Amino acid sequence: MHHFTYQNGSLYCEGVNLEELASETGTPAYVYSASTISENFRRLDSALSPLNHEICYAAKANSNLSILHLLAKQGAGFDIVSSGELFRVKKAGGSPAHCTFAGVGKTAEEIRYALESDIYSFNVESEEELLRIDSIAGSCGKKAPVAIRVNPDVDAQTHKFISTGKSKNKFGIGIDRAEAVYSDAASLKNVSLRGIQTHIGSQILTTAPFAEAAAKLAPLVKKLKDRHGLEFFSFGGGLGIIYSDALESASPSWWETRSPEDKRITPEDYAAAIIPHLAPLEMRILFEPGRFLVGNAGVLLSEVQYIKKTPAKHFTVVDAAMNDLIRPALYEGYHQIVPLRESQATPTLMDVVGPVCESGDFFAQDRELPLLAPGDRIALMSAGAYGFAMSSQYNSRPLLPEVLVKGTRAELARTRQSYDDLIAGEKIVELE
Ligand SMILES: *Cc1c(COP(=O)(O)O)cnc(C)c1O
């Protein structure tokens, strides 16, 4: 499932020694494996091949131009959530004709930009948005292709911040109101009903919620297809990845030795659970995976700065921080931590923390890890999705470099920001 492995005691990304790479780029730095991304794409694409389908990569997971370009070359479309992402997709060589535009808060300016770019579809989240799109399309002399996001009210059994398919979430319209909203939408002059969409949440590790959503929506989708001539059903993203044993999951045998209770979802399991519900619809089925394609394909490299011992704790202070990777602070997200040089040191209970002035700035709490010393380097595994993409300059820390690896080659896909980048666009205003 990915290409991060120890070779002769050193952690490699494909054919690149990460210790050597870290010496060149400095730390912290993000590193992505291109082959992992391509293989994930091909594996999912092939599992879904019984369906007339298209994979629209959810660009928000990792929107580096090189990653978008790589996926565009593989034949991916894109699921975007802002006009900034549409701009990126176009710069990366992706086609707007293969873009769906999601999000509950599209502004007039974003809608205009997407219309002018001739995107494939707006995934509409409310009646108010539908009216706004109709009016803007009218003023641009365009007909806006739309799909309405329907919330199936199923429990995705994931963290509450990334669950989106319950009726209490802000997303989509309720399944019971869908037919009425489609009928109203059909009377709008500047809108064409092209599809229907759903997305129940992220980091879903069992097939049941997907199967439930597909089964629950299929009769409605069929009815709306027949009534309004819909051409596609977008089934969203949400396929979960391995965080806890990320390194071990590189080996195919690791997958085979899992117990039935610990069987994490594979693309083939996912496909098998939903295809029986989706194939009979005889429609184009869109998928919007983000995390699955890029999550296990990236790591964050960091260097130990200090070991700080208090009566209560053993703190390993590293040079990466919550501004670089916010998942632990935001979602209690777990990232496996491994030393770049394989270590036989005694496992010690420790906290791994960053330098930022917040108690939420940690990568691990009370975790047994081999004892580390200042200067040792580590990899935070499974950091390819919602890692760099959610980073900020908090504490005036420049944004990190991103390196793309393929085979034995490694290239900077983004340079480390300079201090000048930190203050770009700012000026000193004196008003007194
Ligand atoms: C975030 C999002 C996705 C991608 O979710 P993953 O869990 O990364 O696959 C897909 N569709 C929509 C509408 C989203 O908001």
Side-chain angles (χ1 to χ4, degrees), residues 1-4 13 28-41 43-44 55-72 74 76 78-82 85 88-89 92 102 156 158-159 161-164 199-205 236-247 249-250 264-267 270 287-301 320 322-337 363 379-392 399-405 413-414:
M1 299 291 280
H2 64 78
H3 291 276
F4 294 90
C13 172
Y30 276 97
V31 181
Y32 308 125
S33 154
S35 303
T36 305
I37 298 171
S38 312
E39 284 168 26
N40 283 343
F41 180 85
R43 185 166 170 193
L44 182 60
I55 295 178
C56 294
Y57 168 59
K60 72 175 189 278
N62 185 329
S63 57
N64 183 286
L65 290 179
S66 297
I67 305 246
L68 299 178
H69 180 73
L70 174 73
L71 283 162
Q74 299 279 322
F78 296 92
D79 180 52
I80 55 170
V81 291
S82 71
E85 282 186 356
R88 279 183 173 279
V89 166
T158 185
H159 191 278
F161 287 3
I162 50 176
S163 173
T164 60
H199 171 72
I200 58 173
S202 197
Q203 185 53 14
I204 299 171
L205 285 168
L239 201 49
I241 63 164
I242 305 296
Y243 282 100
S244 52
D245 303 313
L247 187 67
S249 73
R264 324 290 172 87
I265 194 168
T266 64
Y270 173 73
F287 293 90
E288 305 163 354
R291 190 188 313 266
F292 171 76
L293 294 178
V294 295
N296 286 132
V299 296
L300 172 57
L301 304 183
M322 64 187 289
N323 70 296
D324 305 312
L325 177 63
I326 203 173
R327 294 190 65 264
L330 189 61
Y331 310 123
E332 300 160 318
Y334 181 100
H335 290 270
Q336 188 181 23
I337 297 176
F363 293 120
L380 291 142
M381 303 297 294
S382 318
Y386 307 106
F388 183 91
M390 293 179 98
S391 64
S392 76
L399 295 181
L400 302 186
E402 296 176 281
V403 179
L404 189 66
V405 167
R414 168 194 285 269

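Since this is a predicted model, take the numbers as computed values, not measurements.
Here the closest heavy-atom approach between residue L71 and residue F41 is recorded as CD2-CD1, 3.9 Å. Nearest heavy-atom pair, G201 versus I204, reported as atom, atom and distance to 0.1 Å: O-CD1, 3.7 Å. Considering all non-hydrogen atoms of both residues, A383 and L300 come closest at CB-N, 3.9 Å. The two residues F4 and A250 come nearest to each other via the heavy atoms O-CB, 3.8 Å. Among all heavy-atom pairs drawn from Y57 and L68, the shortest one is CE2-CD2, 3.7 Å. Closest approach of F292 to P267, counting heavy atoms only: CZ-CG, 3.3 Å.
A distance of 10.0 Å separates CD1 of I67 from CG of L293, quoted to the nearest 0.5 Å. A distance of 10.0 Å separates CE in M381 from CD1 in I241, rounded to the nearest 0.5 Å. If you take CZ on F78 and SG on C56, they are separated by 9.0 Å, rounding to the nearest 0.5 Å. Between atom CZ of residue R264 and atom CG of residue L205 there is a gap of 7.0 Å, rounded to the nearest 0.5 Å. If you take OH on Y32 and CD1 on I37, they are separated by 8.5 Å, rounding to the nearest 0.5 Å. Expressed to the nearest 0.5 Å, how far CZ of R327 lies from CE of M390 amounts to 8.5 Å.
Counting only distance, with no hydrogens or angles, the side chain of D324 and the backbone of F388 share no donor-acceptor pair below 3.5 Å. With R88 contributing its side chain and S63 its backbone, the two residues share a donor-acceptor pair below 3.5 Å. Judged by distance alone, the side chain of H3 and the main-chain N or O of S33 form no donor-acceptor pair under 3.5 Å. A distance-only check finds no donor-acceptor pair linking the side chain of S66 to the backbone of A413 [under 3.5 Å]. Judged purely by atom type and a 3.5 angstrom limit, E85 uses its side chain to pair as donor or acceptor with the backbone of K60. Not one N or O on the side chain of N296 forms a donor-acceptor pair closer than 3.5 Å with the backbone of G298. N323 contributes no side-chain N or O that, together with a main-chain N or O of S391, makes up a donor-acceptor pair within less than 3.5 Å.
The side-chain heavy atoms of S382 and I242, taken from C-beta on, include no pair separated by under 4.5 Å. At least one side-chain heavy atom of L325 sits less than 4.5 Å from a side-chain heavy atom of Y30. Looking at heavy atoms from C-beta onward, N62 lies in side-chain contact with E402 at the 4.5 angstrom threshold.
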What do the steps show when you test S392 against M322 for side-chain contact (heavy atoms from CB on, under 4.5 Å), and what is the final call? CA-CA 9 Å; S392 76; M322 64 187 289; over 6 Å; no

For a side-chain contact (heavy atoms from CB on, under 4.5 Å) check, start with the C-alpha distance between T36 and N40, then their side-chain angles and the critical distance, and finish with the verdict. CA-CA 6 Å; T36 305; N40 283 343; 3.8 Å; yes

Report the C-alpha distance between S38 and L70 in whole Å, list the side-chain angles of each, state the deciding distance to 0.1 Å, and finish with yes or no for side-chain contact (heavy atoms from CB on, under 4.5 Å). CA-CA 8 Å; S38 312; L70 174 73; 3.9 Å; yes

Output, in order, the C-alpha distance, side-chain angles, deciding distance and verdict of side-chain contact (heavy atoms from CB on, under 4.5 Å) for M1 and R43. CA-CA 10 Å; M1 299 291 280; R43 185 166 170 193; 2.7 Å; yes

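Inspection of the E39 and H2 side chains reveals no N or O donor paired with an N or O acceptor under 3.5 Å. With no hydrogens or angles considered, no side-chain donor-acceptor pair links Y243 and Q336 at under 3.5 Å.
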